[in-house]
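For ligands, and for the atoms within them, numbers begin at 1 and follow the listed sequence. Since this is a predicted model, take the numbers as computed values, not measurements.
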Amino acid sequence: MTQVSRRSLLASGLAAGPLLSLPLTPVAAQAPGNTADQAALAPAAIAPREELLLDFGWRFAFGHAGDPSKDFGFGMGQGDFAKTGDFKIAKSGFDDTGWRTLDLPHDWAVELPFVNDEVLGDSSSRSHGFKPLGRRFPETSVGWYRRTFDIPESDKGRRIWIEFDGALRDAIVWVNGCFVGRHDDGYSSFRFDLSEVLKYGGANHIVVRVDASFGDGWFYEGAGIYRHVWLTKMDPVHLGKWDSVVRTTVADGAATLDLATIVENDGEHPANVTVDWTILDPAGRTVARATSAPISVNPGGSAECGTSARVTAPQMWSVETPSLYTAIVKVAGDGAVRDGERVSFGIRTLRYDVDKGFFLNGVPTKIQGTCNHHDHAGVGAALPDALQRFRLAVLQGMGCNAVRTSHNQPTPEWVASCDRMGVMMMCETRQMSSSEEGLRQLELMVKRYRNSPSIIMWSIGNEEWQLQTGELAPQGARIARSMVELCHRLDPTRVVSAAVNGDNEQGVSDPLDIIGFNYNVPEKPEAFRKKHPTRPVFGSETSSAIATRGEYAKDPARNAVSSYDGVVPWGQTPEQWWKFYGSREWATGGFAWTGFDYRGEPTPYGWPSVNSQFGIVDMCGFPKDYYYYYKAWWKKAPSLHLFPHWNWAGREGEEIPVWVYSNLDEVELSVNGRSLGWQKVPALGHVEWKVRYQPGVIEARGRRSGKIVLTERRETTGPARSIRLSVDRRTIDADGQDLAMLTVEMLDARGRPIPTANHKIAFNITGPGKIIGVGNGDPNSHESDKDPRRSLFNGLAQVIVQSDRHAGRIVVEAVAEGASFAPLVPATISIVTRSPAMVRPTA
Ligand code: GAL
């Protein structure tokens with residue numbers, strides 16, 4: 001236990017020291033509490049701390065990045081930061097009635113039209129998927145957010161913080177006319193202490209100016225306050241932010257928990273404190289308790305408080321059983337609980353064996369991973385929490401057991417979803433830099449997420465070609481070493497890596513615990529292993545296969561890529577890379593680029609393409625055929641997928657390649673009842689036939705051990721007759737945040753979905769909900785993501801419906817647009833919204 005000056009800790013930027021082990025306090029039994037699900041959803045705050053969601057009821061207006069007269073006068077003269085309390089936009093008299101009302105999370109970039117305005121030397125418009133963001137688009141690159149909130153008189157004396165989980169980017173914050181802080185990078189969370197500028201017993205005004213003129217990446221990032229905002233109220237004696245750590249060691253059927261935190265004293269008197277830890281198992285039963293030794297914390301100071309506990313027969317966190325424990329951490333001081341929080345953690349072991357690969361809880365586990373950016377159809381970068389879970393479930397459906405947060409620290413709910421759903425994570429920081437800023441970002445990431453069992457390694461960056469090889473390689477080694485050391489200091493339980501596409505023999509690779517290879521298989525990992533047999537390796541980024549969902553020929557005139565074998569020159573098809581990593585024990589596994597298509601970096605074509613085609617699923621999460629390659633070889637369950645569709649009017653008599661992805665022993669293909677024979681399925685491969693097209697039915701039958709296990713058919717469908725709407729969940733929470741994900745299809749007279757349908761459909765919604773976005777996965781579509789209408793793309797479209805805060809019944813109707821489609825039968829679907837079991841308190 002150490003007594004330190006808080007101010008010096010903050011100045012050094014490194015608040016967490018080594019963990020301390022103190023004697024175990026006896027375990028006390030307690031009655032069952034909340035369930036695992038509730039525990040995960042419950043607010044982290046324990047009374048008297050309050051954590052209020054500040055997402056609802058903001059006003060928004062565009063400013064201007066170049067002209068102060070169009071930026072509410074910001075920058076007109078020198079006065080904006082000159083005198084505290086003078087900033088008029090953040091004061092009560094400012095009239096924002098002309099500003100639009102919206103809720104967070106919000107991404108204004110996805111609302112903008114597509115603009116083909118590439119100029120030589122500026123790829124920002126292309127990187128952003130042709131959304132007008134950047135210095136050449138000053139009128140759409142700055143957004144202002146304004147809100148009023150009440151603070152009661154009774155809050156006087158508490159410390160009150162505003163906490164942003166993330167804003168893209170360069171956010172400047174004023175409250176009640178006072179400048180309170182600025183935050184540059186788009187991915188790390190930030191917070192400001194408002195206690196001294198608040199008005200107690202009345203209305204307070206906050207204004208945030210967000211400027212997306214510059215970017216952090218080379219892909220679509222979005223613009224605006226795209227993650228949650230919180231108002232946190234605490235006693236002056238409170239726990240440090242992200243300082244509570246549970247570190248687990250498993251031996252002899254029991255887990256030892258090293259428990260540590262930091263208590264800060266922002267009050268005026270010394271405080272005598274102890275920290276109590278209550279450990280709940282996944283069912284909410286108390287399984288351990290521990291209390292740190294008392295310590296006095298001086299005003300303006302802080303103290304590390306550590307102890308330990310033991311959990312016998314722990315329920316291990318794994319991909320199959322993502323068991324989550326909860327630590328309830330409370331600071332008691334001078335006769336009362338002063339502050340507290342709930343920390344979710346898991347008990348599990350990780351091991352990387354140079355010859356045998358990765359072990360989770362002692363079980364050899366291949367990393368079957370995907371890299372993902374953070375945007376989705378309809379909503380851009382502003383993902384409601386339920387969408388994080390939806391996306392993860394899509395990836396799990398093909399057996400993906402790990403994600404890489406390329407190339408930035410993740411949204412908290414993406415990590416929480418991985419913890420809850422059993423998906424491992426390679427967690428990556430944005431900047432490879434040992435500058436104060438680079439280390440600050442890295443420190444924040446490690447501190448914020450080190451209790452998450454899903455995270456199996458940290459990544460200090462991606463493809464820093466200047467630092468990998470050549471002139472700057474020595475600097476690269478030094479920078480990487482500082483970053484690796486910081487990770488180790490904050491979290492000695494995990495390995496540190498980087499995604500390297502150059503020379504892994506020098507530069508940034510030097511200090512890494514495990515060597516990450518981007519592409520270059522088999523040559524580079526093979527050669528490296530021969531030379532460095534003691535250094536473990538894995539595929540930090542692989543594949544970059546490309547496919548347009550539902551397209552079966554490369555057609556540059558239409559910016560379409562073939563679903564059979566599309567791949568960029570530096571990449572590999574799923575079959576090529578997985579044959580390498582999947583068949584060598586030492587090779588650990590890898591992360592395919594990418595799980596989902598993403599906006600921006602349109603590849604392999606430029607305009608009119610507005611998003612990448614690297615996804616194994618499209619922007620909506622609709623699977624491409626490659627999905628089923630992974631499903632066959634990443635999952636154990638029998639799997640068989642037959643493609644393409646069988647609607648080839650006008651191509652009668654032409655040869656069409658017919659492929660099957662399956663993990664069964666052998667597959668037979670028949671065409672209109674005539675067998676074309678059985679084929680053995682090669683390990684980690686596929687089978688294919690060439691079939692002269694005639695309308696009708698193709699059917700694949702798969703056998704295992706001589707028995708037919710699965711059959712799939714593709715039929716030539718008739719003309720469109722009716723629309724079908726389906727939904728992932730029929731009952732959602734009436735919390736203003738939960739979602740129902742609707743799929744729209746067109747059926748023929750026999751009720752068969754038409755895989756080539758492209759009808760435009762309009763959506764009407766009634767009841768307590770709204771449509772927050774639409775999409776269809778077409779990389780070349782310039783239709784609005786926000787209008788309640790969308791064309792199907794190769795048979796599919798998606799509608800994202802969000803509840804409001806009233807329980808009731810939402811009804812969505814889908815009607816085909818255009819006179820020629822008039823006879824098509826519309827569809828309706830209803831979704832029940834119910835009062836949630838647990839509501840996040842709001843400000
Ligand atoms: C990689 C890079 C990714 C993406 C990908 C496309 O080199 O790390 O961010 O650009 O290429 O293939």
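- With sequence neighbours excluded, the residues that form a side-chain hydrogen bond (donor to acceptor under 3.5 Å, both in side chains) with Asp216 are Arg169.
- Within 4.0 Å of ligand 1, protein heavy atoms come from Trp218, His407, Asn462, Glu463, Tyr519, Glu541, Ser544, Trp570, Trp593, Glu601, Phe614.
- By the side chain to side chain contact (heavy atoms under 4.5 Å, CB included) test, Glu585 is found to be paired with Lys356, residues two or more places apart in sequence or in another chain being considered.
- Here the rule is side-chain contact (heavy atoms from CB on, under 4.5 Å) with Ile455, and of Val446, Thr493, Asp419, Val415 only Val415 fits it.
- In terms of the ring pair (Phe, Tyr, Trp, His ring centres under 6.0 Å) criterion, residue partners of Trp218 (sequence neighbours excluded) are, by chain and number, His407.
- Trp633 and Asn663 make their closest contact through CH2-CA, 3.9 Å (heavy atoms, listed as atom of the first residue, atom of the second, distance).
- Aromatic ring orientation, Trp607 versus Phe130: perpendicular (interplanar angle above 60°, classes split at 30° and 60°).
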